[in-house]
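These notes concern the structure reproduced below.
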Amino acid sequence: MFQDRLQALLVPALQAAFKQLFNHELDGRSVGFQQTRPEFEGDVTINVFPYLKISGKGPEQTAQALGEYLVANVEVVERFNVVKGFLNIVISDAYWLGFLKEAGSKDILALPSNGKKVMVEYASPNTNKPLHLGHLRNIFLGWSVSRILEAAGNEVIKVQVINDRGIHICKSMVAWQKFGNGSTPASTDLKGDKFVGKYYVEFDKAYKKEIDALIATGKSKEEAEKEAPILLEAQEMLRKWEANDPDVRALWEKMNGWVYDGFEKTYARAGVSFDKNYYESQTYVLGKGDVLKGMESGVFYEKDGAIWVDNTKEGLDEKVLLRRDGTSVYMTQDIGTAIKRFEEFPGLSKLIYTVGNEQDYHFKVLFIILKKLGFAWADELFHLSYGMVDLPSGKMKSREGTVVDADDLIQEVVDTARAVTTELGKLDDFNDEEKTVLFEMIGLAALKYFLLKVDPKKRMLFDPAASIDLQGHTGPFIQYTYARVQSLLRKAGTMDVWQHEHLSGTALQPEERAVLKLLHQLPGVLNEASAKLDPSALANHTYELVKAYNGFYQSVPVLKEEHAAKREFRLELSSCVAASVKKAMWCLGIEVPERM
RNA sequence: GACCCCGUAGCUCAGCUGGAUAGAGCAGCAGCCUUCUAAGCUGCCGGUCGUUGGUUCGAAUCCAACCGGGGUCGCCA
């Protein structure tokens, strides 16, 4: 990586300097470089305060001595200045030009393969309801993390677990049987997941009505909630499902089929996909045997007929793993599913669960249990925990109808992209199909970038107006810069091979240097994003890069530059920025247009 | 009640493995298109970094307490 390479030039030199100047063996890992603040001249800064005890001199003298040593002994160190305890180092133009020379010929965001296989789980919807804004944060996050890991050299397997079984879908099934009159998504022109979701709501309405009726006959609220006939019907449906009743299974297959059809459409529009789907109807039987084995080996214990795990030593609680009647809980199947995955994918080195932070405790417990069961890979499990998405009105609540539907939201941002883009009137030679593609691209960029630029761990506020904003710190702003460069490159026609030798003696402009520095840092940022599973780091840095490029574009001529070598250099710089931005956006699941 | 997360400009967020006068975007104000895409650029305005203590040469960053917001604590999923 370029950032590392520059440090690789400086660190040994610093160690040598400490040896010679202060007779001290410096630990290379302890050297901290920082960005030089823009108001001072320099590319990297070393804070010498930590070394004063070693040097036995004041901060200025220490910095001065180190600076002089570096200039004399390191080729890429051009000059330096000292401000208080800060040694600001100027790296030579030749270094930056050499960097561009190398970067220009390759994808600087393609890190070498590390031979690791990583599984990323995300989305994981229930089949009784359509996807909403919360799912979108999850889906975009999971997708982006997958892409980032891929760029960073891993082989990635993307999976989802579909919660296709349970009382929730039975409720939809009962309601459809009662009120559906044989209608289908096709006959009502509804998307399949919306159609099934509608009957889930219908169930709830009927259920509430029955509760009220029962209360009117003198039952308590609790009794009424338990005895409402429609609920009993749903519970009966679940029992029949578990008993493999052919009619119930057929209905279940049919309605879930509708839902998958709807989900597929949403995924396709959102631009995400999976390598493998797991279905809870198949995984919910897993784990029982593993728990029993753990029971035998003394990892778990029996109390009141149920099987428990004791995590009090780890600062957690006791937790049931098998009920007294021998049936599973949620944890049980998660244990089994994790084990199954490592069996199915023998080389798997990491498993990442993209799940909201309300399940922090659950995953803590899950990972401890797997560790106790003796699986070495338990250390490689990771809960990619993300914060909730709030609305300006507060939390999303399905009961209050404040849930933001995923399809509606996507449609809204695309519509806004259409309106704004049409207003700007740059699309004279686009045909209708090209326009449609562009509006999708811009709208989704706005939405995805809005959700991805925030640290995933943090709860975030979703402001609908800001999410479709196309100016400032947004996806479309980044797309715009890319399109701008493409326009430049088209106008430039075929580029001459860039000869940086011809540039010697012509100093880099500050704007050029700023862009080069940000570009230089980009691979390191990708690495960091990959290590922390945090797309926001990459999103924010790409914005910085693009902003710096726009500053360059505004004040430094490219095509109009008369000095041929400078023109070619600036075109190369532009081209390299565009390619890197495109790849960074790819890592976020955002496409960039050639024109907009 | 116990445990976990969060609290930075009017709003939304960066910065948090300690370091220079705390940065963006939006909103507001003022400029820049006969010139490579103005979805842009430049400038101004705006901050007791929740509060109080502590550690340190140095704290938005680390520690403690408190205040405020959220989450989790089921033989639910």
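Every chain is numbered from 1, with letters handed out A, B, ... down the list of sequences. Small disclaimer: the values here were computed from a predicted structure and weren't measured.
At a cut-off of 3.5 Å, with distance as the only test, no side-chain donor of N163(A) or H168(A) sits close to an acceptor on the other residue. Side-chain contact of T422(A) with R418(A): a donor-acceptor pair under 3.5 Å is absent, judged by distance alone. A side-chain donor from one of N550(A) and R484(A) sits under 3.5 Å from a side-chain acceptor of the other. In this model, a donor atom of one side chain and an acceptor atom of the other lie less than 3.5 Å apart for S574(A) and Y549(A).
Where F462(A) and Q35(A) meet RNA chain B, the nucleotide closest to each residue was compared, and F462(A) sits on the side nearer the 5' end. Map G551(A) and N540(A) each onto its nearest nucleotide of RNA chain B; the residue landing nearer the 5' end is N540(A).
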Quiz item: Should R513(A) and D43(A) be marked as a salt bridge (charged side-chain N to carboxylate O under 4.0 Å, His left out) after you check the CA-CA gap, both sets of side-chain angles, and the distance that decides it?
Solution: CA-CA 9 Å; R513(A) 193 172 266 267; D43(A) 298 312; 2.6 Å; yes

Exercise. Mind running salt bridge (charged side-chain N to carboxylate O under 4.0 Å, His left out) on E242(A) and R239(A) for me, showing each step along the way?
Key: CA-CA 5 Å; E242(A) 283 174 357; R239(A) 270 189 290 278; over 6 Å; no

Practice problem: Go through E222(A) and K226(A) one step at a time and tell me if the salt bridge (charged side-chain N to carboxylate O under 4.0 Å, His left out) criterion holds. | Solution: CA-CA 6 Å; E222(A) 289 72 26; K226(A) 276 187 193 155; over 6 Å; no

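Taking atom CD of residue E39(A) and atom C1' of nucleotide A22(B), one finds them 11 Å apart after rounding to whole Å. U17(B) atom P lies 19 Å from atom CG of D27(A), rounded to whole Å. The interatomic distance linking L538(A) (CG) with G15(B) (P) rounds to 13 Å, in whole Å. Atom-to-atom, CG of L52(A) to P of G58(B) comes out at 13 Å; the value is rounded to the nearest Å. The interatomic distance linking I468(A) (CD1) with U12(B) (P) rounds to 18 Å, in whole Å. The nearest whole Å value for the distance from the OH atom in Y51(A) to the C1' atom in G58(B) is 16 Å. Here G15(B) presents its P atom at 13 Å from NE2 of H541(A), a figure rounded to the nearest Å. To the nearest angstrom, C1' of G7(B) lies 14 Å from CG of D390(A).
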Quiz prompt | Under 4.0 Å protein heavy-atom contacts per nucleotide of nucleotides 71-77 of chain B, with B for base, S for backbone only and - for none | solution = SSS-BSB

Quiz prompt | Sugar-phosphate or base contact per nucleotide [nucleotides 27-37 of chain B; S, B, -; heavy atom under 4.0 Å] | solution = --------BBB

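Under the stacking criterion of a centre-to-centre distance below 5.5 angstrom and an interplanar angle below 30°, F49(A) sits stacked against the six-membered ring of G19(B). Taking the 5.5 Å centre cut-off and the 30° plane limit, the aromatic side chain of Y543(A) is not classed as stacked on A24(B).
An OP1 or OP2 oxygen of G23(B) is reached within less than 4.0 angstrom by a side-chain nitrogen or oxygen of R37(A).
Closest of all the heavy-atom pairs between A584(A) and T542(A) is CB-OG1, 3.4 Å. Closest of all the heavy-atom pairs between A445(A) and P476(A) is C-CD, 4.2 Å. When all heavy atoms are compared, the tightest approach of F263(A) to N126(A) is CZ-O, 3.5 Å. For V413(A) against G443(A), the heavy-atom pair with the smallest separation is CG2-O, 3.4 Å.
A20(B) and G58(B) are spaced 11 Å apart, taking the C1' atom of each and rounding to whole Å. To the nearest whole angstrom, the two C1' atoms, one in A9(B) and one in G23(B), are 11 Å apart.
Ring centers of F450(A) and F462(A): under 6.0 Å apart, within the cut-off. Ring centroid separation for the pair H362(A) and Y330(A) comes in under the 6.0 Å cut-off.
Checked by distance alone, T45(A) brings a side-chain donor or acceptor within 3.5 Å of a matching partner on the base of A20(B). The base of A39(B) sits within donor-acceptor range of the side chain of T421(A), with an N or O pair under 3.5 Å.
Residue contacts shown for I442(A) include a base, since a base heavy atom lies under 4.0 Å away.
Annotated as syn: C33(B), whose O4'-C1'-N torsion sits within 90° of 0.
Consecutive Watson-Crick or G-U pairs involving RNA chain B, each under 3.5 Å on both distances, make up stems of three or more pairs at B:1-7 with B:67-73, B:10-13 with B:23-26, B:28-32 with B:40-44, B:50-54 with B:62-66.
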